Amino acid sequence: MNEINFKSYPLNEDIKRALDVLKYNIPTRVQRVVIPQALDGKDLIVKSQTGSGKTAAYAIPICEKIEWLENNVQALVLTPTRELAAQVREDIANIGRFKRIKSLALYGKEPFAIQQDELKQKTHVVVGTPGRVNDHIEQQTLDLDQVKYLVIDEADEMLRMGFIDEVEAIIKQLPANRVTMVYSATIPEQIEKLCQQYMGDPIKVDIPSDDSSGSIEHRLFEVKRDEKLALVKDVTIMENPDSCIIFCNTQERVNEVAVELEQEGYTCDQIHGGLEQDKRFSVMEGFKSGEFRYLVATDVAARGIDVDNVSLIINFDIPREKQSYVHRTGRTGRAGNRGQAITFVTPTEERYLQSIENYIGLGLTVNEAPSRAEVREAKEAFNQKMAERRIVKNNKSARINQDIIKLHFNGGKRKKIRAVDLVGTISNIPNVSAEDIGIISIKDNWSYVDILNGKGSLVLEAMEYTKIKGKSIKVRKANK
Ligand code: AMP
């Protein structure tokens with residue numbers, strides 16, 4: 001069964017090349033079921049956990065089916081959180097890198113005008129949160145008339161966060177003739193109803209969770225409320241994970257735990273909904289790139305975080321909602337790796353534990369708190385690890401972008417520069433072809449061009465003495 005390889009899939013060479021660089025060789029279970037159906041234009045309701053490869057399950061067929069030449073948004077992905085929108089956009093950009101698929105994330109708290117400006121560029125795929133997508137529809141800055149693919153990701157979470165009416169309002173704006181895919185860890189009644197109403201005879205796909213949660217060891221510690229801080233330190237010293245997310249139920253508690261750990265010398269940061277969006281993204285970037293090992297978080301961080309194998313999840317506070325347990329622990333044991341999940345339970349919280357155990361169909365193994373002597377013995381190794389930076393083994397975006405340089409051209413719409421002028425000029429440079437040109441964005445006064453295949457310096461040098469439409473235009477490496 002595992003012999004199936006993406007190489008044998010009916011996919012464009014540009015997509016296969018990206019999958020190869022991303023090291024997606026063997027499709028995961030959800031991908032094996034979903035990709036052929038989606039390529040065939042079927043509506044799908046997919047019950048699948050995060051960590052199972054579900055993003056690529058829809059991103060691969062979407063990237064395959066996008067008509068590059070068409071200047072319209074052809075696929076819309078709705079996600080419940082900004083973090084997930086940013087993550088999905090990046091995954092789509094990576095898979096569509098060599099096909100030059102332009103994807104854009106739309107979410108609140110980022111200036112509307114910037115997004116409006118971006119939407120004027122060629123945009124094939126929009127990934128957004130329902131609120132901001134609706135704003136763009138109302139302001140007529142987002143044209144969805146040509147959407148052929150709609151994905152509702154983490155539909156159960158949309159419902160939980162009260163977004164389902166907004167989702168419905170968006171669906172009503174879309175062409176009826178489209179493929180719809182709904183992804184959800186559970187399919188509550190209201191989602192089922194929505195699907196019946198807006199999907200044409202959908203195929204139901206239920207991927208048992210063993211792709212992800214079977215690879216997680218679930219344990220628990222019984223602890224008094226005021227002893228949790230001491231226990232979290234002892235447990236982390238004993239476990240000494242390469243990376244760890246500690247979940248708390250409130251922002252105040254996140255702050256309290258993070259400050260305490262920082263004082264103890266942990267490399268640590270915090271994330272919750274009370275932080276500015278920029279700060280939230282920079283914390284996530286820092287965690288992903290290995291700047292610190294411990295992230296203390298509210299449920300905000302349980303969504304859409306794809307960090308190179310988080311080794312340990314600690315529920316400092318047991319989640320009040322059983323679904324949340326699955327989302328939190330789904331941050332570990334991803335893509336075939338093994339993971340650890342530890343939950344602290346106080347004597348008054350037994351009922352939450354029971355509800356979680358019933359829900360996941362598994363009893364959490366009770367552990368004894370480590371002894372003083374055990375902690376003392378483990379401390380040296382812990383200190384040593386804390387002094388070393390975490391090595392990120394699998395930075396997919398860095399790998400896919402390594403041969404790509406973004407160039408800044410000091411001329412845009414006002415100088416009447418069009419994409420065809422840039423392609424014509426650049427592909428005339430000796431040893432450079434149209435294949436080496438990636439995404440182009442043309443602003444009023446300047447333009448950006450991605451140069452692929454390691455040809456960036458060559459283009460940069462040649463442009464010193466090459467004119468575009470008879471005009472000399474300064475070219476430099478773009479800042480980002
Ligand atoms: P997701 O469930 O979409 O959040 O994906 C979980 C993780 O699996 C992400 O790190 C993906 O990049 C990775 N992944 C997805 N598909 C594959 C594949 N076919 N082979 C290896 N890793 C994959």
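Fair warning: this is a prediction, and the values are worked out from it, not measured in the lab.
Phe287 places a side-chain heavy atom less than 4.5 Å from the side chain of Ile245. Two residues are said to be in side-chain contact when any heavy atoms from C-beta on lie closer than 4.5 Å; Gln270 and Val283 fail this criterion. Residues Leu144 and Val73 form a side-chain contact, since some pair of their non-hydrogen atoms from C-beta on lies under 4.5 Å apart. Put simply, the side chain of Thr79 reaches to within 4.5 Å of the side chain of Thr129, judged on heavy atoms. The closest side-chain heavy-atom distance from Cys248 to Val296 is below 4.5 Å. Taking the side chain as every heavy atom from C-beta outward, Lys16 and Phe6 never approach each other to under 4.5 Å. Taking 4.5 Å as the limit, every side-chain heavy atom of Val127 sits out of range of all side-chain heavy atoms of Gln87. Side-chain contact between Leu142 and Arg132 is absent, with no heavy atoms from C-beta onward closer than 4.5 Å.
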### Verdict with reasoning, Phe316 to Val254, per side chain to side chain contact (heavy atoms under 4.5 Å, CB included)
CA-CA 9 Å; Phe316 186 90; Val254 164; over 6 Å; no

### Message
Test side chain to side chain contact (heavy atoms under 4.5 Å, CB included) on Val33 and Leu44; report intermediate values, then the result.
### Response
CA-CA 10 Å; Val33 180; Leu44 295 162; over 6 Å; no

### Message
Using the rule given for side chain to side chain contact (heavy atoms under 4.5 Å, CB included), can you reason through Lys469 versus Arg418, listing the C-alpha separation, both sets of side-chain angles and the distance that settles it, and then say yes or no?
### Response
CA-CA 10 Å; Lys469 288 179 110 178; Arg418 296 163 307 160; 4.1 Å; yes

### Task
Using the salt bridge (charged side-chain N to carboxylate O under 4.0 Å, His left out) rule, take Lys443 and Glu118 through it: C-alpha gap first, then chi angles, then the decisive distance, then the call.
CA-CA 9 Å; Lys443 312 277 179 179; Glu118 282 293 323; 2.7 Å; yes

### Task
Start with the C-alpha gap between Tyr183 and Thr55, add the side-chain angles, then the distance that decides, and say whether side chain to side chain contact (heavy atoms under 4.5 Å, CB included) holds.
CA-CA 9 Å; Tyr183 289 76; Thr55 316; over 6 Å; no

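Rounding to the nearest 0.5 Å gives a distance of 5.0 Å between NE2 of His136 and OG1 of Thr141. The structure places CD1 of Ile15 at 5.0 Å from SG of Cys63, a figure rounded to the nearest 0.5 Å. Rounded to the nearest 0.5 Å, atoms CD1 (Ile170) and CG (Asp165) are 11.0 Å apart. The structure places CD of Glu157 at 11.0 Å from CD1 of Ile164, a figure rounded to the nearest 0.5 Å. Taking OH of Tyr9 as the start and CZ of Arg32 as the end, the distance is 7.0 Å to the nearest 0.5 Å. To the nearest 0.5 Å, atom CG of residue Asp403 and atom CG of residue Asp450 are 12.5 Å apart.
A salt bridge (Lys or Arg N to Asp or Glu O under 4.0 Å) with Glu83 holds for exactly one of Arg280, Arg89, Lys109; it is Arg280.
No more than 12 heavy atoms of other residues, nucleotides or ligands lie within 6.0 Å of CG in Asn431, so this atom counts as exposed by the packing criterion. Within 6.0 Å of NZ in Lys471 there are more than 12 heavy atoms belonging to other residues, nucleotides or ligands. Annotation: Glu388, atom CD; neighbour count of heavy atoms from other residues, nucleotides and ligands within 6.0 Å is above 12. More than 12 heavy atoms of other shown residues, nucleotides or ligands fall within 6.0 angstrom of atom CG in Asp444.
For the pair Lys474 and Trp446, the cation does not sit on the ring face, since its NZ or CZ is not both under 6.0 Å from the ring centre and inside 45° of the axis.
Checked against side-chain hydrogen bond (donor to acceptor under 3.5 Å, both in side chains), Glu435 has no partners two or more places apart in sequence or in another chain.
Ring geometry, His408 versus Tyr448: the interplanar angle exceeds 60°, so the pair is classed perpendicular (tilted spans 30 to 60°).
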